[in-house]
**Q** 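One structure, as structure tokens, below. Some questions next.
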Amino acid sequence: MTDLTLMTFAGDPATVLPSLALLSHRVRVLPMDAASLVKMPENTILFLDARDDLATAKTLCRLIHASGLSTPIMLVLTEGGFTVVNSQWGVSDVVVSSASPAEVEARLRLVSERGNAAADNATQANTAIEGLDGQIRSGDLVVDTNGYTASLHGRPIDLAYKEFELLKYLVQHPSRVFTRAQLLQEVWGYDYYGGTRTVDVHIRRLRAKLGGEYEHLIGTVRNVGYRFDPPEGDLQEDVARAQAIASLPDGDADTHE
């Protein structure tokens, strides 16, 4: 069973792609606007209803990619819509609204398999390199995951526990955008009942403690969420190192950590 999200303006979502109702997948229905992007779960396939409003669909596709989200997009079209869609839309696949259940299932399977392969290839590029001492270094910032401390230029940053956990999580996933809901779930946990404004408050505190010179390391993606922006060149060095280690035999890799 796959987690699916359908974005549409339709009064009756079942009319967008009737075959979905005949398949055994979870389908979440959201309005077709930018605000809905923060409500999407991390692991979902998005069906975007472009039958009647190609312009809005294209804008959302661009916003998703500009935000750094890796959500696969399945564009639902009428036959006339095929004439305007091209690779610049950045969609994973297109499907006509009258497609049969077998066709929709096959396209879902292919999109899911391609997504899994891409995620495996990108894992090292999207994850910070953590040394055996538990330290993650990004420019002048050092986060010690074992000692629960962080420092800039060798000077400790006075962080509360949740501030440290939030910084650590962001630094561990450089350049990846997280919605407030995702950060609330990953850092505060399922048993936390506070609102997403808690995330905004902690982000502001973190930026204040990083100081004016470094507050930009925590970037805001408008209408979506937050991400850690490594200093220029820092992420590329980490990726190159990760790729070099990955290319070594298993026995040699341990000696190069």
Side-chain angles (χ1 to χ4, degrees), residues 33-42 60 62-71 122-131 133-239 241-242:
D33 54 40
S36 291
L37 297 182
V38 303
K39 301 175 183 177
M40 286 196 307
E42 182 176 353
L60 282 173
R62 288 179 172 176
L63 180 58
I64 288 170
H65 290 289
S67 302
L69 297 175
S70 58
T71 305
T123 296
Q124 291 171 334
N126 290 330
T127 305
I129 305 301
E130 183 175 336
D133 57 358
Q135 293 189 347
I136 305 173
R137 300 176 182 273
S138 186
D140 298 318
L141 176 66
V142 178
V143 176
D144 185 347
T145 61
N146 291 337
Y148 288 87
T149 60
S151 62
L152 268 172
H153 286 297
R155 295 190 294 271
I157 309 172
D158 183 19
L159 298 176
Y161 176 72
K162 284 301 182 184
E163 292 169 355
F164 173 81
E165 287 292 306
L166 179 58
L167 177 63
K168 179 183 75 171
Y169 190 77
L170 290 170
V171 172
Q172 286 175 328
H173 303 86
S175 300
R176 180 174 171 182
V177 180
F178 292 96
T179 67
R180 292 166 177 81
Q182 288 170 341
L183 290 173
L184 201 64
Q185 174 182 309
E186 296 295 335
V187 177
W188 278 264
Y190 288 100
D191 57 348
Y192 183 77
Y193 293 99
T196 54
R197 181 168 172 74
T198 298
V199 177
D200 296 328
V201 171
H202 280 71
I203 288 289
R204 284 200 299 271
R205 290 175 181 169
L206 266 181
R207 285 173 172 160
K209 292 182 178 182
L210 289 172
E213 185 180 354
Y214 293 97
E215 63 180 3
H216 68 278
L217 292 177
I218 301 179
T220 299
V221 180
R222 189 175 180 182
N223 294 327
V224 181
Y226 300 104
R227 70 183 175 205
F228 179 75
D229 292 322
E232 187 175 353
D234 190 60
L235 180 59
Q236 289 83 351
E237 292 174 5
D238 284 347
V239 172
R241 179 178 168 224

**Q** Rounded to the nearest 0.5 Å, what's the gap from CG on D33 to CG on L63? Could you check?
**A** 10.5 Å
**Q** Answer with yes or no whether the side chains of H153 and Y214 bring together a donor and an acceptor at under 3.5 Å.
**A**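 Yes, side-chain donor-acceptor contact under 3.5 Å.
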**Q** Could you check H173 against F178 for side chain to side chain contact (heavy atoms under 4.5 Å, CB included), going step by step and ending with a plain yes or no?
**A** CA-CA 9 Å; H173 303 86; F178 292 96; 3.7 Å; yes
**Q** State, to 0.1 Å, how close P230 and P174 come at their nearest heavy-atom pair, and which atoms those are.
**A** CG-CB, 3.5 Å
**Q** What's the separation between atom OG in S138 and atom CG in L217, rounded to the nearest 0.5 Å?
**A** 6.5 Å
**Q** Mind listing the closest non-hydrogen atom pair of V221 and R227 along with its distance?
**A** CG2-NH1, 3.9 Å
**Q** With a 4.5 Å cut-off on side-chain heavy atoms, are F164 and I157 touching?
**A**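 Counting from C-beta outward, I157 and F164 never come under 4.5 Å.
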**Q** Check this for me: does any side-chain nitrogen of one of K168 and E165 sit under 4.0 Å from a carboxylate oxygen of the other?
**A**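 E165 and K168: salt-bridged.
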**Q** Closer than 3.5 angstrom, by distance alone: can the side chain of D200 be matched with the main-chain N or O of I203 as a donor-acceptor pair?
**A**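 No; judged by distance alone, with no hydrogens or angles, the pair does not exist.
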**Q** Heavy atoms, side chains only, cut-off 4.5 Å: are Q172 and T145 in contact?
**A** yes
**Q** Would a 4.5 Å heavy-atom cut-off, applied to side chains only, mark L166 and T198 as touching?
**A**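 The answer is no; the side chains never approach within 4.5 Å.
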**Q** Please determine whether side chain to side chain contact (heavy atoms under 4.5 Å, CB included) holds for the pair R207 and T220, giving the CA-CA distance in whole Å, both sets of side-chain angles, and the decisive distance to 0.1 Å.
**A** CA-CA 11 Å; R207 285 173 172 160; T220 299; 2.6 Å; yes
**Q** Any side-chain heavy atom of L170 within less than 4.5 Å of one from L183?
**A**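 Yes, side chains in contact.
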**Q** Locate the shortest heavy-atom distance separating L141 from V171; write the atom from each residue and the value.
**A** CD2-CG2, 4.1 Å
**Q** Return the CG to NZ distance between L206 and K162, rounded to the nearest 0.5 Å.
**A**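 The distance works out to 13.0 Å.
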**Q** Could you tell me whether the side chain of K209 reaches within less than 4.5 Å of the side chain of L159, counting heavy atoms only?
**A** yes
**Q** Can you check side chain to side chain contact (heavy atoms under 4.5 Å, CB included) on L184 and R180, steps first, answer last?
**A** CA-CA 6 Å; L184 201 64; R180 292 166 177 81; over 6 Å; no
**Q** Closest approach of D144 and N146, non-hydrogen atoms and distance?
**A**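 The answer is OD1-N, 3.0 Å.
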**Q** Would you name the heavy atoms of D229 and G219 that are closest together and state the gap between them?
**A**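 Shortest heavy-atom contact: OD2-CA, 3.6 Å.
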**Q** Under the criterion side chain to side chain contact (heavy atoms under 4.5 Å, CB included), I'd like the reasoning laid out for H202 against Y226: C-alpha separation, chi angles, the key distance, then a yes or no.
**A** CA-CA 12 Å; H202 280 71; Y226 300 104; over 6 Å; no
